[in-house]
Colleague: 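Please find one structure pasted underneath; my questions will follow.
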Protein chains: 2
Amino acid sequence: MSPPMTPGRARNAAATRTAILEAARKRFAHEGYDQTGVREIASDAGVDAALISRYFGGKEELFSEVLSCAPNIAEFLDGDRDSFGERVAQMLAVEPMREEKFELFLIMLRSASSPKAAEAIRRHSHDAFYQPLETWLGGDDAAVRARLLSCVMMGATMNRVIYEDYLLDGQQRQELCEALARTLDNYVSGPV
Amino acid sequence: MSPPMTPGRARNAAATRTAILEAARKRFAHEGYDQTGVREIASDAGVDAALISRYFGGKEELFSEVLSCAPNIAEFLDGDRDSFGERVAQMLAVEPMREEKFELFLIMLRSASSPKAAEAIRRHSHDAFYQPLETWLGGDDAAVRARLLSCVMMGATMNRVIYEDYLLDGQQRQELCEALARTLDNYVSGPV
DNA sequence: GGGCCATGTCATCAGTTGGTGACTTCTAGG
DNA sequence: CCTAGAAGTCACCAACTGATGACATGGCCC
């Protein structure tokens, strides 16, 4: 006990805020908005639940804040254009779902059914997903192609959410991945 | 007051059961498992909430029962094989979402995030969706192609759930529909 | 008609949720 | 050292949820 341990939590507002945000992001991604209680978030963050209301105003505002801070689509748009389908399909069908890249998708899919969260999701996914994607795609039908890409990506994520990794073995997942990659690249490259 | 109105509800167990089931199906499809309360279902059905527990055992069992009774994929597998993509894409992108055909999808998507409902969904969607679809597709990679079809169908539904019909106008939805049809038919017809 | 069971109604419970305000404790600045 | 305010703790509330058991009532069979 070399450093004189303070009994309560260290008094550091910024760190506390961040801890809450981190814990909330994981909870919302793994359980969804409704299934996550402020007490659970607080417990994960090692914080009293009352601080959530104090710092963010309430659960709903915390959720919006989490969406704003979550990593967005940009990561995939940065890379090589020709390998977009391959990279995304790998994430969707092969890589373990615990990856952080998944988190924004998971938050959206698992929380979209909650009216309290829905509006925030609509707004944020437009700004952080469709808008950049459309710009990146370019062309007259960018909006439609963006929607098509979104359909495949969301659907694939949804399937894994529902079935985890049951039903398909490694070989089949590889085939799935390749087919997804082809479909995605088809939407990326050409006019539909 | 020609017929001597009974003050309470008509005493007809079968009709009451059906009324509850109907009301529950609509509520679960529109609001999801978590957002739907037994009191709301009962109110819609013109029934006392206690009867839900009496007739079905509880909300969870009622949900399973609703899934069992909901219309499944069979409708689309009956029709002409060549027009499968066209028919499904029409439903996914063009037809109004209030259609009953959508209900099973909506129930699944809106309730999948609830642990209580998830297991029932997994079981039922396998029996009423994947299994028939795989059989209908045939071939060695039927499982993978079924999954691909599912991804597109679920993703398209999810997009409409989140965005309703915003963002895309009629013309764009038509383009979306055609592209979806091509993709679906591609998965139906060929080895991936 | 009388008994009896199925059906429906009601009051209420126990658990959980998000949120609030009063309180304590620590730390910075004078 | 002492005060003021920020940071954290605690007890508690009001609302809601699913569920249950006691009770009322209708209709059928003997």
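Only heavy atoms go into these numbers, but all of them, side chains included; no hydrogens, no water, no symmetry mates.
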Colleague: Strictly below 4.0 Å, N to O, side chains only: are B/Arg25 and B/Glu65 in salt-bridge contact?
Modeller: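 No, B/Arg25 and B/Glu65 are not salt-bridged.
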
Colleague: Starting at CD1 of B/Ile41 and ending at C1' of D/dG18, how long is that distance when rounded to a whole Å?
Modeller: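 After rounding, the reported distance stands at 11 Å.
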
Colleague: Distance check: side-chain N/O of B/Thr16 vs OP1/OP2 of C/dG8, anything under 4.0 Å?
Modeller: yes

Colleague: Check nucleotides 14-17 of chain C for protein N or O atoms closer than 3.5 Å to its own N or O atoms and list the pairs.
Modeller:
none

Colleague: For the pair made of CD1 in A/Ile52 and P in C/dG19, what is the distance, rounded to whole Å?
Modeller: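 My rounded result for the distance is 9 Å.
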
Colleague: Heavy atoms from C-beta onward define the side chain here; which of D/dG8, D/dT20, C/dG8 lies closest to that of A/Arg11?
Modeller: D/dG8

Colleague: Could you say whether A/Ala49 or B/Ala14 is positioned toward the 5' end of DNA chain C, judged by the nucleotide with the nearest heavy atom to each?
Modeller: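 Per heavy-atom nearest nucleotide, the more 5' residue is B/Ala14.
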
Colleague: Looking at the side chain of A/Leu51, which of D/dG8, C/dT20, D/dT20 is the nearest nucleotide?
Modeller: D/dG8

Colleague: Can you tell me the distance, in whole Å, between the CG atom of A/Asn12 and the P atom of C/dT27?
Modeller: 11 Å

Colleague: Mind calculating the distance between CD (A/Glu61) and P (C/dT20) to the nearest angstrom?
Modeller: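 Atom-to-atom, A/Glu61 to C/dT20, this comes out as 9 Å.
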
Colleague: Between C1' on D/dG18 and CZ on B/Phe56, what's the gap in Å once rounded to a whole number?
Modeller: 16 Å

Colleague: May I have the distance from A/Asp48 (atom CG) to D/dA11 (atom C1'), rounded to whole angstrom?
Modeller: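 Atom-to-atom, A/Asp48 to D/dA11, this comes out as 11 Å.
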
Colleague: Is the positively charged end of B/Lys59 above the ring of B/Phe28, judged by distance under 6.0 angstrom from the centroid and angle within 45° of the axis?
Modeller: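 The answer is no; the distance or angle limit is not met.
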
Colleague: Of the nucleotides C/dT9, D/dC10, D/dA7, which has the atom closest to the A/Ala13 side chain?
Modeller: D/dA7

Colleague: So B/Phe129 and B/Phe105, do their side chains get closer than 4.5 Å, heavy atoms only?
Modeller: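 Answer yes - side chains close enough.
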
Colleague: Ion pair present between A/Lys26 and A/Glu40, side-chain N to carboxylate O less than 4.0 angstrom?
Modeller: no

Colleague: Is it the case that more than 12 heavy atoms not belonging to A/Glu119 sit under 6.0 Å from its CD atom?
Modeller: yes

Colleague: Let me know the distance between CZ of A/Arg17 and P of D/dA6, rounded to the nearest Å.
Modeller: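 From A/Arg17 CZ to D/dA6 P: 16 Å.
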
Colleague: Closest to the A/Arg54 side chain: D/dG8, C/dT7, D/dC10?
Modeller: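 Closest of the options to the side chain of A/Arg54: D/dG8.
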
Colleague: Categorize A/Tyr55 for me: base, sugar-phosphate, or nothing, with a 4.0 angstrom heavy-atom threshold over every strand shown.
Modeller: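 Sugar-phosphate only.
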
Colleague: Using 4.0 Å as the upper bound for N to carboxylate O, is an ion pair formed by B/Lys101 and B/Glu95?
Modeller: yes

Colleague: Are B/Phe56 and B/Leu21 packed together at the side-chain level, in the sense that at least one heavy-atom pair is separated by less than 4.5 angstrom?
Modeller: yes

